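Notes for the one structure printed next.
All values derive from a computational prediction rather than experimental measurement.
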Amino acid sequence: MAYYRRVGEVPRTRHTRHHNPDGGLYYEELMGEEGFSSDSSLLYHRHIPSAIVDAREWEVPDQTRTANAPLVPRHLKLHTLFGDEWKNTDAVTGRRLALGNDDVRISYVAAGTASELYRNSIGDECVYVESGRAAVQTVFGELHAGPGDYIVIPRGTTHRWVPEGEEPLRAYAIEANSHIAPPKRYLSRYGQFLEHAPYCERDLRGPGEPLLLEGTDVDVLIKHRGNGPGGVTGTRYTYPHHPFDVVGWDGCLYPYAFNVADFQPITGRVHQPPPVHQVFEGHNFVVCNFVPRKVDYHPESIPVPYYHSNVDSDEVMFYCGGDYEARKGSGIGQGSVSLHPGGHSHGPQPGAYERSVGVQAFDELAVMVDTFRPLDLGEGGAAAEDPSYAWTWAGRGPRG
């Protein structure tokens, strides 16, 4: 994270005695990245955080993957994955894998019920809330999530999702095998956001006061590395006391929220390349967002993207608001995902290039993930596919 936070009760000096009201000691836990060599926080627990009384296997949601073969662009209609069953679905075990590789997994869920306590010990999670609201309860405190929020949850953070309101919580989950952070080019050498960055510290929301929940024999679902499909395995721990027993914490590692409406778009006289839309990065992938904005102001500009070949990456676009100008006529709408794989030259749909001439602003909202290794289809992606998409540029099907 870019800046330090202190919440609740912590001792003046780290690694020193922190007495509880009865004269005993709170238990200090360091949660840190890269083997004591990167960001960390210190949490102070009422109970020993390492204590477990049971461990059992947990079957994680289907992580099987199928190669994109033959190599074609694909359109996934994620809203078709969930009907009325969302009311009894939670935002963790209900996720359906759309796309994935050994660096990142992209899932979708529509949820209406609270999840169990959960910890991803494989990598950070970046969950984009398409619609609905939720309380994200964590060992650090609570975050409130609503439409347009990215919720970034560091690896190893115990948390749960509690939907709020009458409509489904629709969430697009980007799960890394690494950490997820703001792009390095946005930050000073000491971690402060620079002036050219499209967002800054003021735009980030950290957790509130510690939750201090009570309970005994409390289960936590752990997703971790193993020999399951996609290298993912699950274990269910039982803790003798509720893990949300932290009285205070401080440091630079914690979950936070960022709303896409606070992203300040970077524009120019002619069409700007995708890196100007970047919001986060992970190992071998980046996350960008396309937001409502004024577009190119050169008198001869063509505002929609030029045709381009992703020679080093697969491009995934999640269309989550507005009207995406370049995809009109392809069947893409709210809740759609397009996959344009490396090896396929892609760009605007027929007619969009010409229609964009003279347009002064785009009203569109999309989350893009570019990966530097090829993506496979998950079971959710295969179930939601529109098989006609690959031929929409030509206007006819295979050999038709």
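Summarising the geometry of W86 relative to E166, their closest heavy-atom pair is CH2-O, 3.3 Å, with the distance given to 0.1 Å. Closest approach of A111 and A91 over heavy atoms only: CB-N, 3.6 Å. Taking both residues in full, the closest heavy atoms of V136 and H159 are given as CG1-CD2, 4.4 Å, listed atom of the first, atom of the second, then distance. Of all non-hydrogen atoms in M31 and L43, the two that sit nearest each other are CB-CD1, 3.9 Å. L71 approaches G342 most closely through the heavy-atom pair CD2-O, 3.4 Å. Nearest heavy atom pair, residue G112 against residue P163, reads C-CG, 3.9 Å.
Side-chain contact annotation: D219 with Y237, donor-acceptor N/O pair under 3.5 Å absent. Side-chain polar atoms of S115 and R160 form no donor-acceptor pair below 3.5 angstrom. Residues H346 and E315 bring a donor and an acceptor atom of their side chains to less than 3.5 Å of each other. A donor-acceptor contact closer than 3.5 angstrom is absent between the side chains of R155 and N120. Side-chain contact of Y108 with R170: a donor-acceptor pair under 3.5 Å is present, judged by distance alone.
For the pairing with F193, the ring pair (Phe, Tyr, Trp, His ring centres under 6.0 Å) check across Y186, Y199, Y3 returns one residue only, Y199. Of the residues listed (E116, E59, E57), the one engaging R236 in a salt bridge (charged side-chain N to carboxylate O under 4.0 Å, His left out) is E116, and it is the only one. Here the options are Y306, Y353, Y307, the test is ring pair (Phe, Tyr, Trp, His ring centres under 6.0 Å), and the partner is H271; only Y306 passes.
Residues W249 and V139 fail the side-chain proximity criterion, which asks for heavy atoms closer than 4.5 Å. Contact annotation: the side chain of H277 never approaches that of V291 to less than 4.5 Å [non-hydrogen atoms, C-beta and beyond]. Counting heavy atoms from C-beta on, the side chains of P210 and V247 never come closer than 4.5 Å. Side-chain contact between V304 and I302 is present, with at least one heavy-atom pair separated by less than 4.5 Å. With a 4.5 Å cut-off on side-chain heavy atoms, W161 and D90 do not count as touching. Taking the side chain as every heavy atom from C-beta outward, M368 and F290 approach each other to under 4.5 Å. At a threshold of 4.5 Å between non-hydrogen side-chain atoms, the residues T89 and T113 do not count as touching. Residues S107 and R96 have side chains not in contact (no heavy-atom distance under 4.5 Å, counting atoms from C-beta outward).
I151 and V279 fall into different hydrophobic clusters, where Ile, Leu, Val, Met, Phe, Trp and Tyr side chains are chained together by heavy-atom contacts under 4.5 Å. Hydrophobic clustering (ILVMFWY, side-chain heavy atoms < 4.5 Å, transitive): V104 and V287 are in one cluster. L42 and L253 end up in different hydrophobic clusters when Ile, Leu, Val, Met, Phe, Trp and Tyr side chains are linked at under 4.5 Å. Both I52 and L117 sit in one connected hydrophobic cluster of ILVMFWY residues. Membership requires side-chain heavy atoms under 4.5 Å apart, directly or through other members. There is a path of hydrophobic side-chain contacts, each under 4.5 Å, that joins I174 to L375.
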Worked verdict on N284 versus T371 for side chain to side chain contact (heavy atoms under 4.5 Å, CB included)
CA-CA 6 Å; N284 277 341; T371 68; over 6 Å; no
Checking side-chain hydrogen bond (donor to acceptor under 3.5 Å, both in side chains) for the pair E9/H18: CA distance, chi angles, key distance, verdict?
CA-CA 9 Å; E9 305 172 26; H18 187 11; 4.6 Å; no
Run the numbers on T392 and Q349 for side-chain hydrogen bond (donor to acceptor under 3.5 Å, both in side chains), then give the verdict.
CA-CA 7 Å; T392 54; Q349 293 295 323; 3.1 Å; yes
Run the side-chain hydrogen bond (donor to acceptor under 3.5 Å, both in side chains) test on R119 and T158 for me, step by step, so that the C-alpha distance in whole Å, both residues' side-chain angles and the decisive distance to 0.1 Å come before the verdict.
CA-CA 5 Å; R119 180 188 307 151; T158 303; 3.0 Å; yes
Going through the checks in order, is the side-chain hydrogen bond (donor to acceptor under 3.5 Å, both in side chains) test met by E130 and Q334?
CA-CA 10 Å; E130 178 190 4; Q334 181 84 15; 2.9 Å; yes
Could you go through the side chain to side chain contact (heavy atoms under 4.5 Å, CB included) check for D217 and V53 one step at a time?
CA-CA 8 Å; D217 293 341; V53 295; 3.9 Å; yes
Please tabulate, one pair per line, all N/O donor-acceptor pairs under 3.5 Å involving side-chain atoms of residues 220-228, not counting sequence neighbours.
| from | atom 1 | to | atom 2 | distance (Å) |
| --- | --- | --- | --- | --- |
| K223 | NZ | Y118 | OH | 3.3 |
| K223 | NZ | E175 | OE1 | 2.9 |
| K223 | NZ | E175 | OE2 | 3.4 |
| H224 | NE2 | T235 | OG1 | 2.8 |

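Remark: the backbone N or O of T16 is not paired with any side-chain donor or acceptor of T13 at under 3.5 angstrom. In terms of modelled atom types and a separation under 3.5 Å, the side chain of N68 and the main chain of V72 share a donor-acceptor contact.
By the salt bridge (Lys or Arg N to Asp or Glu O under 4.0 Å) test, R65 pairs with D102, D376, sequence neighbours left out. Under the side-chain contact (heavy atoms from CB on, under 4.5 Å) criterion, A176 pairs with S178, I180, F285, not counting sequence neighbours. Residues forming a side chain to side chain donor-acceptor pair (under 3.5 Å) with S336 (at least two apart in sequence, or on another chain): H75. With sequence neighbours left out, the salt bridge (Lys or Arg N to Asp or Glu O under 4.0 Å) criterion links E281 to K184.
Checked for salt-bridge contact, E125 and R95 meet the test: a charged N lies under 4.0 Å from a carboxylate O. For the pair R373 and D103, the salt-bridge criterion is met [side-chain N within less than 4.0 Å of a carboxylate O]. R133 and E164 are not joined by a salt bridge, as no carboxylate oxygen comes within less than 4.0 angstrom of a charged side-chain nitrogen.
In summary, the aromatic rings of Y128 and Y150 are positioned with their centroids under 6.0 Å apart. The aromatic ring centroids of F244 and H242 lie less than 6.0 Å from each other.
For R14, the CZ atom counts as loosely surrounded, since its 6.0 Å shell holds 12 or fewer non-hydrogen atoms of other residues, nucleotides or ligands.
Expressed to the nearest 0.5 Å, how far OH of Y27 lies from CG of N20 amounts to 8.5 Å. Note that CD of E85 and CG of L81 are 9.0 Å apart. Values are rounded to the nearest 0.5 Å. Atom CD in E379 sits 5.0 Å away from atom CG in D62 (nearest 0.5 Å). The distance from atom CZ of R74 to atom NE2 of H344, rounded to the nearest 0.5 Å, is 11.5 Å. To the nearest 0.5 Å, atoms NZ (K77) and CG (D386) are separated by 4.5 Å.
Sorted by first then second residue, the side chain to side chain donor-acceptor pair (under 3.5 Å) pairs that include residues 42-55, not counting sequence neighbours, are E28-Y44, E29-H45, H45-D245, R46-E214, D54-R56.
Cation-pi geometry between R5 and Y254 is satisfied (NZ or CZ under 6.0 Å from the ring centre, within 45° of the ring normal).
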